[in-house]
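Only heavy atoms go into these numbers, but all of them, side chains included; no hydrogens, no water, no symmetry mates.
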Amino acid sequence: MKLIKVMILLMVSGMCCAQYSNHQLYQAYLNKEMSVWEEYIVSAKWENLSIDEQKQLLNYEYGFTAYMLTVNTDKACDFIARYEKHLECLKPKLSAARYHAYLASIYTYKLALDKKHFIKYAKNIFANVDRAMELDSHDPLVLSMKGNVEFYSPIGSKKKALEFFLEADKLYASRGTDYEQWNRRAVEMNIEMCKEKLNK
């Protein structure tokens with residue numbers, strides 16, 4: 001009986017993942033159909049996922065939470081909490097560099113909702129992204145996060161941001177996973193924004 005229950009759980013988990021292939025999620029990103037991402041994130045049963053599937057889900061939560069901040073701040077709060085909880089669950093399974101890079105994004109999202117604590121969140125953003133760079137400056141996610149901080153920070157450098165984005169793009173092209181397709185596309189768009197700003 002116990003074996004049957006385990007098999008059913010595994011089947012349900014597999015069905016959930018099969019409903020949303022990385023190709024489908026990437027196409028949804030390109031077509032700005034982010035409701036597909038929301039359905040995937042909300043329907044996924046974290047405890048039934050493998051470690052690789054959890055890492056995949058975490059990456060989509062990172063991207064979707066940023067999007068949600070632009071359309072519904074109330075819902076964004078819920079997704080930040082979900083994303084932060086899952087990040088802490090995965091901490092032992094992630095590289096330290098990736099953990100700190102994702103943590104920098106969480107503080108960025110919290111800052112977007114709470115400007116009153118600007119100094120506290122800004123310190124945490126810089127501390128975590130710099131720590132991530134110290135740990136692994138050849139991880140494309142870390143480089144893209146550093147690029148974001150340089151690009152959007154009032155004291156950042158668009159020129160440095162472009163350098164980080166270009167390096168991240170090169171690394172994503174050579175070793176990015178399937179679920180990081182959208183990350184590379186986001187980096188490419190950031191490269192164009194940097195070039196536009198620098199040309200102006």
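- To the nearest 0.5 Å, the span separating CG on Asn22 from CD on Gln56 amounts to 4.0 Å.
- Open room surrounds NZ on Lys160; 12 or fewer heavy atoms of other groups in view lie less than 6.0 Å from it.
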Next on the checklist: Could you walk me through whether Ile191 and Lys195 satisfy the side-chain contact (heavy atoms from CB on, under 4.5 Å) test, starting with their C-alpha distance in whole Å, then the side-chain angles of each, then the deciding distance to 0.1 Å, before giving a yes or no?
Outcome noted: CA-CA 6 Å; Ile191 288 170; Lys195 288 180 177 179; 3.7 Å; yes
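- Heavy-atom minimum distance, Glu88 versus Leu103: OE2-CD1, 4.5 Å.
- In this structure, Asn128 and Ile106 have side chains that are not in contact, with every pair of non-hydrogen atoms separated by 4.5 Å or more.
- The shortest non-hydrogen separation linking Ser144 to Phe165 is O-CE2, 3.4 Å.
- Phe64 pairs with exactly one of Tyr29, Tyr83, Tyr40, Phe79 by the ring pair (Phe, Tyr, Trp, His ring centres under 6.0 Å) rule, that one being Phe79.
- Looking at every heavy atom in both residues, Ala97 comes nearest to Ala132 through O-CB, 3.3 Å.
- The side-chain heavy atoms of Lys55 and Leu90, taken from C-beta on, include a pair separated by under 4.5 Å.
- Under a 3.5 Å cut-off, the side chain of Glu150 and the backbone N or O of Ser157 do form a donor-acceptor pair.
- Of the residues Asn59, Leu30, Leu25, the one that meets the side-chain contact (heavy atoms from CB on, under 4.5 Å) test with Trp182 is Asn59.
- Within the 4.5 Å cutoff, no side-chain heavy atoms of Leu135 are placed close to those of Val142.
- Across every non-hydrogen atom of Lys146 and Asp130, the tightest pair is NZ-OD1, 3.0 Å.
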Item to check | Intermediate values then yes/no, side-chain contact (heavy atoms from CB on, under 4.5 Å), Lys93 and Gln54 | outcome: CA-CA 10 Å; Lys93 304 297 182 181; Gln54 289 177 347; 6.0 Å; no
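- Residues Lys120 and Leu111 form no side-chain contact, since every pair of their non-hydrogen atoms from C-beta on lies 4.5 Å or further apart.
- Minimum interatomic distance between Pro140 and Arg98 (heavy atoms only, all atoms of both residues): CG-NH2, 4.3 Å.
- Atom CD1 in Ile80 sits 12.0 Å away from atom CD in Glu61 (nearest 0.5 Å).
- The shortest distance between side-chain heavy atoms of Leu57 and Tyr20 does not fall below 4.5 Å.
- Under the 4.5 Å side-chain criterion, counting only non-hydrogen atoms from C-beta, Leu143 is not in contact with Val187.
- Of the inter-residue distances, the one linking Leu166 atom CG with Glu163 atom CD reads 8.0 Å to the nearest 0.5 angstrom.
- The aromatic rings of Tyr60 and Tyr179 lie tilted to each other, with the angle between the two planes from 30° to 60°.
- Listed by first and then second residue, the ring-ring contact (aromatic ring centres under 6.0 Å, His included) pairs involving residues 96-155 are Tyr62-Tyr102 (not counting sequence neighbours).
- Residues Leu113 and Lys110 form no side-chain contact, since every pair of their non-hydrogen atoms from C-beta on lies 4.5 Å or further apart.
- Of all heavy-atom pairs between Met145 and Ala104, the closest is CG-CB, 4.4 Å.
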Item to check | side-chain contact (heavy atoms from CB on, under 4.5 Å) assessment of Leu58 paired with Leu94 | outcome: CA-CA 11 Å; Leu58 187 77; Leu94 291 171; 3.9 Å; yes
